[in-house]
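Shown next, in structure tokens, is the structure this report addresses.
Just so you know, these numbers use all the heavy atoms, side chains as well, and skip hydrogens, waters and symmetry mates. Remember, it's a predicted structure, so these values are computed and weren't measured experimentally. Lettering follows sequence order; numbering is per chain, from 1.
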Amino acid sequence: MFDITTLRVIWWALLGILLIGFAIMDGFDFGVAALLRVLGRTEDERRVLLETIEPTWEGNQVWFVLGGGASFAAWPTLYATAFSGLYLALALVLLAFILRPVGFNFRGKIHDARWRAVWDGTLIFSGFVVMLISGVAFGNLFLGLPFRYDDDLYMTWQGGFFDLLHPYAILAGLVSITMLLTHGACWAAYRSDHAIAERAARVARWMALAYAVTFVLAGIWLGYGIPGFTVAGPVVMDGPANPLFKQVTIGGSWFTSYMLYPWFWAAPAIGILGAIGVQWTVGKHTLAGFLCSSLMLAGTILAAGFALFPFLLPSSLDPRSSLTVWDASSSHGTLALMLGAVVVLLPIVILYTGWVYRVMRGRVTLEDVRHSHNTY
Amino acid sequence: MIIDSEVVTLSRAQFALTALYHFLFVPLTLGIVWILAIMESVYVMTGREVWKQMVRFWGVLFGINFAMGVATGITMEFQFGMNWAYYAHYVGDVFGTPLAIEGLMAFFLEATLVGVFFMGWDRLSRIQHLLVTWFLALGTNLSALWILIANAWMQHPVGAKFNVQTMRMEVTHFSEVLFNPVAQAKFVHTVSAGYVIGSMFVLSISAWYLLRGRNVDFARRSMTVAASFGLAASLSVVVLGDESGYAVSENQKMKMAAIEAMWETEPPPASFTVFGIPDVQNRTTHYAFHVPWVMGLIGTRSIDTPIPGINNLVEDTKGKIENGLQAYGAMLALRANPNDAQAKTTLAQYDDDMGYALLLKRYLADPRQATPADIQKAADSTIPNVPVLFWAFRIMVACGFYFIALFAYSFWLASKRQLDRNRWYLRLALYSLPLPWVSTELGWIVAEYGRQPWAIEGILPTALGVSSVTAGQVWISLGGFVLFYTALAIVDAVLMVKYARKGPDELGLWPMRHAPRAAGATDAKGALP
């Protein structure tokens with residue numbers, strides 16, 4: 001039905017949709033978890049916060065799992081290279097994802113303040129680790145990563161965990177932390193008892209401001225301080241998925257694609273407008289604040305993806321090994337089949353997810369948690 | 001590429017450890033979720049509160065276990081990329097698809113519904129909640145289906161072809177991957193093993209209550225469900241195990257021969273070795289006790305088809321390595337000159353065996369330099385660990401027959417309403433609790449350790465699949481897994497025992513201390529103290 005070039009672009013967009021889906025749907029779970037002891041001063045307040053996310057975090061997490069599975073199927077070389085290269089960083093992320101489910105489930109199983117403090121610690125840890133590492137990883141994409149392929153396409157990586165902590169990557173980590181804390185605080189302001197909601201709205205406003213500052217700084221730094229990658233010579237979009245069939249030069253600008261397609265500027269604009277929207281709407285007891293922070297996330301991720309386009313994973317060690325949309329995908333057949341699966345199944349997922357949110361709707365109050373006994 | 005054998009060993013150890021650990025929790029989820037669905041259906045049909053409280057009580061234990069299953073499952077999804085990058089590159093085009101569909105079709109469903117299952121009791125009608133439970137059960141089991149389709153492709157890779165331009169396997173017929181006969185047998189065998197675990201779990205804990213004289217009517221009802229479901233499941237696990245064995249003998253002859261410690265091809269129909277001491281050094285089995293005909297009948301379903309022995313298979317492998325080297329040479333020629341017609345023909349003729357040439361990469365950077373001694377060494381390396389497979393298989397099968405006997409007896413007692421009369425039976429039921437876990441883990445050891453040295457049978461050797469990571473990095477992650485998994489296993493066990501000991505009585509679930517509260521947004525959670 002679609003030719004390979006179109007399918008590659010569609011799958012690039014789907015990769016973005018899955019990332020944005022994960023950030024919006026699970027981002028507030030991480031945000032609330034990270035802010036658990038800031039927003040929740042007493043045990044009852046913390047239980048309110050947890051009960052706003054407990055019925056749905058597990059489904060939200062599948063956006064992450066699906067991101068892994070879908071990139072394995074549609075972008076196998078990207079999946080293999082990024083996850084093995086960022087080995088210890090990924091191991092830390094996994095640790096966060098291992099501790100979180102048990103943190104949620106085990107926390108309430110024994111009535112003891114120290115026991116709960118331990119599991120609160122794991123929830124806060126998992127929140128910050130995932131936010132920080134996903135931001136740092138994004139930052140490193142612009143700097144390029146130290147890998148190369150041999151003729152068998154066996155990948156060699158020359159760098160360790162601490163090489164990832166370039167100041168620019170840390171700034172990107174701060175963008176990620178501030179935006180997801182905003183998002184979590186917006187959720188808490190929307191769904192939790194009024195006493196907590198006001199505190200959450202204050203945190204959301206400050207964090208949205210911090211986000212806007214770090215995001216703009218990261219953009220300026222990217223424009224003036226970090227050389228871009230460019231595919232040299234004619235760009236073959238429908239060739240075999242082998243990164244070694246092209247040449248790449250370093251030294252251009254990461255904003256080249258923004259000059260080429262001026263409508264790309266809408267993405268960072270949406271990010272900043274979202275942050276302004278949060279200032280206006282959060283704490284007014286509606287969904288609007290949460291929607292604005294969702295726009296913030298979507299705009300930020302799109303802005304980064306547009307700047308990278310057509311690159312997925314630039315290589316600083318051997319530029320021609322860089323992975324692009326045109327040479328890292330699976331075969332035509334697999335891309336088409338997977339697209340079919342997504343088109344049929346994702347709307348169903350969204351339908352029942354929506355139903356679950358509707359069933360579990362409503363503000364969780366302090367009164368609720370004092371009288372309820374959770375069997376979860 | 002240079003293969004660092006320490007990285008290979010460590011990566012394999014980590015994968016085996018995390019997979020076996022994950023599978024402590026998964027099968028209990030697979031089984032107990034149907035038991036919950038059955039109990040809740042009885043509740044909706046009869047309207048008796050005790051059945052609802054049974055769902056809620058067993059649900060608490062299900063929830064603790066579910067959290068561990070989810071926590072350890074994410075590791076599996078990402079480990080292919082982290083530790084097996086060349087594997088992920090080489091077969092991701094085929095292998096990634098079932099994993100992605102698993103997420104879309106199954107994991108999303110179960111993970112989204114599990115929250116409402118626990119917190120939706122007072123927000124949903126009876127029928128709505130029952131539907132949630134059934135779809136939760138469906139989701140967990142569909143999840144197993146897609147994972148086993150992926151796994152079956154590792155055992156029996158069909159519907160894919162090597163592409164020299166992209167240096168990987170690519171899908172040619174997805175329907176063959178989907179309807180892989182190995183996948184079907186494996187799926188039913190594996191979920192049935194999960195149903196046995198779920199049944200044993202409910203049976204054993206209920207037996208403990210009856211021994212203590214606590215929760216008697218609650219436990220008797222639970223045991224009746226567990227006995228019926230367990231009997232069906234244990235029959236299915238053994239019958240489909242046989243089906244699985246048939247599939248193995250068709251597609252993985254070496255695994256079959258190793259399970260049987262059958263060194264030489266016997267005249268058909270082959271005998272089954274009930275007992276023996278496999279001697280790897282001298283390639284013989286001491287003190288073997290054979291039952292004539294049985295193996296031939298199970299393995300080939302005929303009396304005149306021979307089952308090849310290990311030594312003969314090694315000889316065959318040498319021929320495949322020679323063929324593979326032809327394909328490998330042609331592949332290199334094609335990479336240098338994509339228009340080489342001669343090389344194209346050679347590759348098309350031999351590409352099914354190219355994986356066998358890759359076996360040599362463990363010893364040589366360039367397989368084309370192989371001497372006959374190297375080829376012999378590579379062919380010998382295709383023999384899996386015979387004693388481990390031999391014993392793991394026999395213990396697994398013995399457990400399977402024991403489960404049939406135990407559940408059949410339980411079912412008989414249940415139908416005569418005598419479950420609580422017989423103390424030695426109750427003790428037996430209690431102490432049998434760990435057995436299905438033992439047999440299930442051994443089953444995976446047979447399936448995956450028996451696949452070695454292949455990651456993908458005949459296509460990609462395990463050693464070649466590893467990532468470009470250092471041994472130090474894998475030591476760190478492996479150490480982390482051991483540390484955190486051990487700690488979590490202890491916490492999990494403590495909580496399981498704590499809540500099982502408390503029982504429905506001390507948790508206030510049954511008999512109920514007060515009438516169920518009216519539904520409302522202010523109190524959505526029910527009545528645990």
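- Rounded to the nearest 0.5 Å, atoms OH (B:Y86) and CE (A:M155) are 12.0 Å apart.
- Here the side chains of B:T166 and A:F245 are not in contact, with every heavy-atom distance at 4.5 Å or above.
- Annotation: maximal heavy-atom pairing with chain B below 4.5 Å, among A:T77, A:I110, A:L337, A:T365, occurs at A:L337.
- Residue contact with chain B, scored on non-hydrogen atoms closer than 4.5 Å, involves the side chain of A:L94 exclusively.
- In this structure, the side chains of A:K109 and B:V60 come closer than 4.5 Å at one or more pairs of heavy atoms.
- Heavy-atom distances place both the backbone and the side chain of A:L346 under 4.5 Å from chain B.
- In terms of heavy-atom pairs under 4.5 angstrom with chain B, the leader among A:G160, A:A82, A:G68, A:A241 is A:A241.
- Between A:E58 and B:F66 there is a side-chain heavy-atom pair separated by less than 4.5 Å.
- Within the 4.5 angstrom heavy-atom criterion, atoms from both the backbone and the side chain of B:L104 approach chain A.
- Listed by chain and residue number, nothing satisfies the salt bridge (Lys or Arg N to Asp or Glu O under 4.0 Å) test with B:K498 (two or more places apart in sequence, or in another chain).
- Heavy-atom distances place both the backbone and the side chain of B:I64 under 4.5 Å from chain A.
- If you measure heavy-atom distances from A:V364 to chain B, you find no contacts under 4.5 Å at all.
- At a 4.5 Å heavy-atom cutoff, the contact between B:L109 and chain A is made by backbone and side-chain atoms alike.
- When heavy atoms are compared at a cutoff of 4.5 Å, A:T353 approaches chain B by way of both its backbone and its side chain.
- Ionic pairing of B:R168 and A:D152 is not present here: no N-O contact between side-chain nitrogen and carboxylate oxygen is shorter than 4.0 angstrom.
- For B:D492, the parts sitting under 4.5 Å from any heavy atom of chain A are the backbone and the side chain alike.
- For chain A, the nearby part of B:F481 is the side chain; its heavy atoms alone come within less than 4.5 Å.
- In this structure, chain B has a heavy atom under 4.5 Å from the backbone of A:S329, while its side chain stays farther away.
- The most heavy-atom pairs under 4.5 Å with chain A, out of B:A88, B:G81, B:G73, B:A85, come from B:G81.
- A:S331 and B:D93 share a donor-acceptor pair across their side chains, judged by distance under 3.5 Å alone.
- Proximity to chain B (any heavy atom under 4.5 Å) is shown, for A:V65, by both the backbone and the side chain.
- Taking 4.5 Å as the limit, every side-chain heavy atom of B:Y90 sits out of range of all side-chain heavy atoms of A:L153.
- Between chain A and the options B:T97, B:V494, B:L332, heavy-atom pairs under 4.5 Å are most frequent for B:T97.
- Atom CH2 in A:W355 sits 11.0 Å away from atom OG1 in B:T112 (nearest 0.5 Å).
- Here the side chains of A:I98 and B:I74 are not in contact, with every heavy-atom distance at 4.5 Å or above.
- Counting only residues at least two apart or in different chains, ring pair (Phe, Tyr, Trp, His ring centres under 6.0 Å) contacts with residues 68-90 of chain A comprise A:F72-A:Y79, A:F72-B:F80, A:F72-B:F95, A:Y79-A:F83, A:F83-B:F78.
- Atom-to-atom distance recorded for A:S84:OG and B:Q473:CD is 9.5 Å, nearest 0.5 angstrom.
- Contacts of B:V91 with chain A are absent, with no heavy-atom separation under 4.5 Å from either backbone or side chain.
- The contact between A:T156 and chain B is made by backbone and side chain atoms together, counting heavy-atom distances below 4.5 Å.
- Your options are B:L488, B:T72, B:V132, and the one with the most heavy-atom pairs under 4.5 Å with chain A is B:L488.
- Of the two parts of A:Q61, only the side chain, counted from C-beta on, holds a non-hydrogen atom closer than 4.5 Å to a non-hydrogen atom of chain B.
- Interface summary for chain B: among A:W63, A:F161, A:F147, the most heavy-atom pairs under 4.5 angstrom belong to A:W63.
- Side-chain atoms of B:V491 and A:V102, non-hydrogen and from C-beta on, never get closer than 4.5 Å to each other.
- Here the closest heavy-atom approach between residue B:A100 and residue A:M338 is recorded as CB-CE, 3.4 Å.
- Of all the listed residues (B:S477, B:P98, B:G480), the one sharing the greatest number of non-hydrogen pairs under 4.5 Å with chain A is B:S477.
- When heavy atoms are compared at a cutoff of 4.5 Å, B:F174 approaches chain A solely by way of its side chain, counted from C-beta outward.
- How far CG of A:L99 is from CZ of B:F484: 6.0 Å, rounded to the nearest 0.5 Å.
- Using a 4.5 Å cut-off between heavy atoms, A:D151 contacts chain B through both its backbone and its side chain.
- A distance of 5.0 Å separates CG in A:L88 from CD1 in B:I476, rounded to the nearest 0.5 Å.
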(request) Please step through side-chain contact (heavy atoms from CB on, under 4.5 Å) for the pair B:V466 and A:Y154, ending with a clear verdict. (result) CA-CA 10 Å; B:V466 286; A:Y154 184 84; 4.3 Å; yes

One pair to check against side-chain contact (heavy atoms from CB on, under 4.5 Å): A:Y149 and B:H89. What are the steps and the verdict? CA-CA 12 Å; A:Y149 301 100; B:H89 154 75; over 6 Å; no

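- Within the 4.5 Å cutoff, the side chain of A:W157 has no heavy atoms near those of the B:T470 side chain.
- Distance check: B:M167 CE to A:N242 CG gives 9.0 Å after rounding to the nearest 0.5 Å.
- What you find for B:A67 and A:P101 is that their closest heavy atoms are O-CB, 3.7 Å.
- Closest approach of B:R123 and A:R361 over heavy atoms only: NH1-O, 3.0 Å.
- Options B:L99, B:L113, B:L495 differ in how many heavy-atom pairs under 4.5 Å they form with chain A, and the most are formed by B:L495.
- With a 4.5 angstrom heavy-atom cutoff, A:L95 touches chain B only via side-chain atoms.
- When heavy atoms are compared at a cutoff of 4.5 Å, B:T75 approaches chain A by way of both its backbone and its side chain.
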